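This report refers to the structure that appears directly beneath it.
Along the sequence shown, residues are numbered consecutively beginning with 1. The structure presented is a predicted model; accordingly, all values stated were derived computationally and were not measured.
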Amino acid sequence: QLQKDLEEVKELLTKATRKRLRDVLMTEKHKLEIEIKNQPPSKPKVAAEEEKLSVGGYTVKINNYGWDQSDKFIKIYISLNGVQKLPAENVQVNFTERSFDLLVKNLNGKNYTMTFNNLLKPISVEDSSRKIKTDTVLVMCRKKREEKWDCLTQVEKESKEKEKAAYDTSDPSEGLMNLLKKMYAEGDDEMKRTINKAWVESREKQSKGDIPMDI
């Protein structure tokens, strides 16, 4: 639009004869030339369409994955059909010492993301990487210390510890009772009958003074 305005001003200048009018047109011409110069370069239509395609459609959060470890690496396997056909720059992973973010752009018209925060132990950012395999993205987190990880994140560890604490008390009989209650709640009919039988027998023994046990 600015270019069209400039062309019209130039045309008017060729027709103007009065000095005052020519001065006004010259000032306007100068202003338009500066505005056009300061405009960001417009992208060719083809490039703009390519950029749109590279972004993809809506974003899908990845929740399913598998993981393994060696002495040096934590390995996270993410299954994505056809990911090997994408340009390498469409599969991006950003690492920090205790997290990583995966972004897969425009895979079958969708973007895919996965975020791991609060990794169980620190990783080496510069030595971590990702590999693209057939239908799989492999994220390689380089351990700072060569030691076994019991789980991937601090949250998982805390969850396991809480569950363990619920069935692990200083009183052995209380811990056993909690375990039996859990087995009863989650067991099938056969398991329930077995536990009920054990409970009846323990009550009988307690009434005889054989063991100080109660449910």
Can you confirm whether I62 sits close enough to L102 that some side-chain heavy atom of one is under 4.5 Å from a side-chain heavy atom of the other? yes

Have N118 and T153 got a donor and an acceptor in their side chains that come within less than 3.5 Å? no

Report the distance from atom OG of S70 to atom CE of M140, rounding to the nearest 0.5 Å. 6.5 Å

Using a strict cut-off of less than 4.0 Å between a Lys/Arg side-chain nitrogen and an Asp/Glu carboxylate oxygen, indicate whether K143 and E147 qualify as a salt bridge. no

Looking at the rings of Y65 and F116, which for Trp means the six-membered one, are their centres under 6.0 Å apart? yes

Can you check whether L80 reaches D135 side chain to side chain, under 4.5 Å on heavy atoms? no

Start with the C-alpha gap between I76 and C141, add the side-chain angles, then the distance that decides, and say whether side chain to side chain contact (heavy atoms under 4.5 Å, CB included) holds. CA-CA 8 Å; I76 296 97; C141 298; 4.1 Å; yes

Using the test side chain to side chain contact (heavy atoms under 4.5 Å, CB included), find all partners of E8 that sit at least two apart in sequence or belong to another chain. none

Contact between Q84 and L86 at the side-chain level, heavy atoms closer than 4.5 Å - yes or no? no

For the atom pair CH2 (W67) and CG (L138), what is the distance rounded to the nearest 0.5 Å? 14.0 Å

To the nearest 0.5 Å, atom CG of N90 lies from atom CG of L103 at 8.5 Å

Using side-chain heavy atoms (C-beta onward) and a distance below 4.5 Å, is K121 in contact with R145? no

Set of side chain to side chain contact (heavy atoms under 4.5 Å, CB included) partners for S99, sequence neighbours left out: T96, N117

Ion pair check, E126 and R142, cut-off under 4.0 Å: no

Value for CD1 (I123) from CZ (F100), rounded to nearest 0.5 Å, stands at 7.5 Å

State, yes or no, whether a side-chain contact exists between L120 and E156 at a heavy-atom distance under 4.5 Å. no

